[in-house]
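Notes follow the structure.
Below, chains carry the letters A, B, ... as their sequence lines are ordered, and counting in each starts from 1.
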Amino acid sequence: MFALVDGNNFYVSCERVFRPSLVGRPVVVLSNNDGCAIARSNEAKALGVRMGHPWFQCRHLEAQGLVALSANFALYGDMSDRMMSLVAHHAPRQEIYSIDESFLDFTGIRGNRTAIGHALREQVLTWTGLPTCVGFGATKTLAKLANHVAKTAERKPGLYPPELAQVCDFGRLSDEQLDAVFAATEVGEVWGVGRRIGTALVESGVRTVLDLKHADPAALRRNFSVVLEKTVRELQGTSCVDLDDQPRQKQQIMVSRSFGQGVLRLEDLNEAVSTFAARAAEKLRLDASAAGAVLVFIRTSPFRASDAQYSGSVTVPMVQPTSDTGRIVRAACNGLRQIFRPGFRYAKAGVMLVDLGSEGQSQGELDLEPTEIDRSRLMAVMDGVNQRFGRGSLSMASTGTIGPARQWGMRQERRTPDYTTSWRDIPIVRA
DNA sequence: TCTGGGGTCCTAGGACCC
DNA sequence: TCTGGGGTCCTAGGACCC
């Protein structure tokens, strides 16, 4: 038996903890560059704001009270840590699946799960201020679906029995009750069924979750893939995806950004790519990993149809796997020079570290060149300084300086303070 | 004017091997 | 006219997730 605990409208809820006046109002959190809506309060959903809705297309709703905030990931990450550590206490094993969701292993846990779920919710709400919903199911796919039902029953009364709101335990429903819930749920709500496969399923007559549960797994494997076959078996109650509570070493590390305005010059791109490469190298060392190659890409904006379009990328192999910021930045900049074409208005660039392996497990190199000094201690010092005095305190010269001169900088006009992660921004309570 | 960022997994197809 | 059979490995692209 699995549980899935998921924050409601997570980013919006984090903002509301520190600005209670936003409770009950339509609120959205915008992506980087204040580009589009990536989180919406229930009230904002009711106004018709979609996930990924471009802000310039829905900002007229400000007249109806819609509040938009720039994404504050430092805040959300910290609130997530608080929530996760509380949730972890309710079961022997926890898998943190995303910033706002974790699976719990409820195998062998006795008692009324619905009551346990409500107690967990209450604790998280009281201790962190974050509302959550809890779903229980015999497989991870079922637990995800139960969580969806718990949320939807709370938000849109009428579709599901009201007692399933907030906490929904499929294990307590009879076969008939469960089938009724499945029949009322569109197939696209199932974990692993996205837009493409959802459309194909509906066209073949599989409209609801119940239809999918009764589909032939072998046929789905033939027509789609083994992934969908597993999904159906999980819907039928056979667990195919285990709980994974061991954080694995990442297989790739990416840092990319869209620019606040179009960028034309190689020098500006070079600054951006250097910055992204340096940040990626930091993440790499945090993972105790080393990169065998560095991929760089740049591209124009596909939304500016009148602009000439270009997209280029190149993978630069490293002589030896490394986590050294200097080498990685150099490789990225070399790659950039290979793919840069003048005369385009660039909208985005990124650096991806690939061929990752554990630090110190790399193959040795025949020592034909004079040995470079071991810079791992330098990196440790750099990370230490930046940890203590803030990101960017020590940086490579090629990343340029932070400030308005930075052509490629991000637009963030509605950012809230770092309430929980910066001394400067600690809220002050007045009686 | 203005459209996010960071991941994983699977599959098909090509290169290459004997 | 007509050109084998059986593998492995790698990559690019596409699907999905949040």
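Pair assignment for B:dC9 gives C:dG14, based on Watson-Crick or G-U wobble hydrogen-bonding distances that are each under 3.5 Å.
At B:dT8, none of the side-chain N or O atoms of A:K250 fall inside 4.0 Å of OP1 or OP2 (strictly under the cut-off). A sub-4.0 Å separation between OP1 or OP2 of B:dC2 and a side-chain N or O of A:R304 is present. Within the structure, a side-chain polar atom (N or O) of A:R257 is placed less than 4.0 Å from OP1 or OP2 of B:dG6. In terms of phosphate contacts, A:S258 brings a side-chain nitrogen or oxygen within less than 4.0 Å of OP1 or OP2 of B:dG5. Between A:S256 and B:dG6 there is a side-chain polar atom (N or O) within less than 4.0 angstrom of OP1 or OP2.
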- prompt: Would A:F2 and A:W191 count as a ring pair (Phe, Tyr, Trp, His ring centres under 6.0 Å) if you check the C-alpha gap in whole Å, the side-chain angles of each, and the deciding distance to 0.1 Å?
  reply: CA-CA 15 Å; A:F2 296 90; A:W191 190 35; 9.8 Å; no
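Counting non-hydrogen atoms under 4.0 angstrom, A:I197 reaches the backbone sugars and phosphates but no base. No contact: A:F224 has no heavy atom under 4.0 Å from any strand. Residue A:I99 is out of contact with every strand shown, counting any heavy-atom pair closer than 4.0 Å. Residue contacts for A:D100: at a heavy-atom cut-off of 4.0 Å it reaches the sugar-phosphate backbone alone, with no base atom in range. Among the heavy atoms of the strands, none lies under 4.0 Å from A:V29. Using a 4.0 Å heavy-atom distance criterion, A:R50 is classed as making no nucleic acid contact. Residue A:E101 is classed as a sugar-phosphate contact, given heavy-atom separations below 4.0 Å to backbone atoms only.
You'll find the ring centres of A:F136 and A:F170 outside the 6.0 Å limit.
Between the CE atom of A:M84 and the C1' atom of C:dC18 there is a distance of 11 Å, rounded to whole Å. For A:E95 and B:dG7, the CD to P distance is 17 Å, given to the nearest whole Å. For the pair A:Q251 CD and B:dG6 P, the computed distance is 17 Å after rounding to whole Å.
In this structure, A:K348 fails the cation-pi test against A:F259, since its NZ or CZ atom is not both closer than 6.0 Å to the six-membered ring centre and inside 45 degrees of the ring normal.
In terms of heavy-atom proximity, A:R414 sits nearest to A:R59 at NH2-NH2, 3.3 Å.
Side-chain proximity of A:M254 to B:dG6, B:dG5, C:dG14: nearest is B:dG6.
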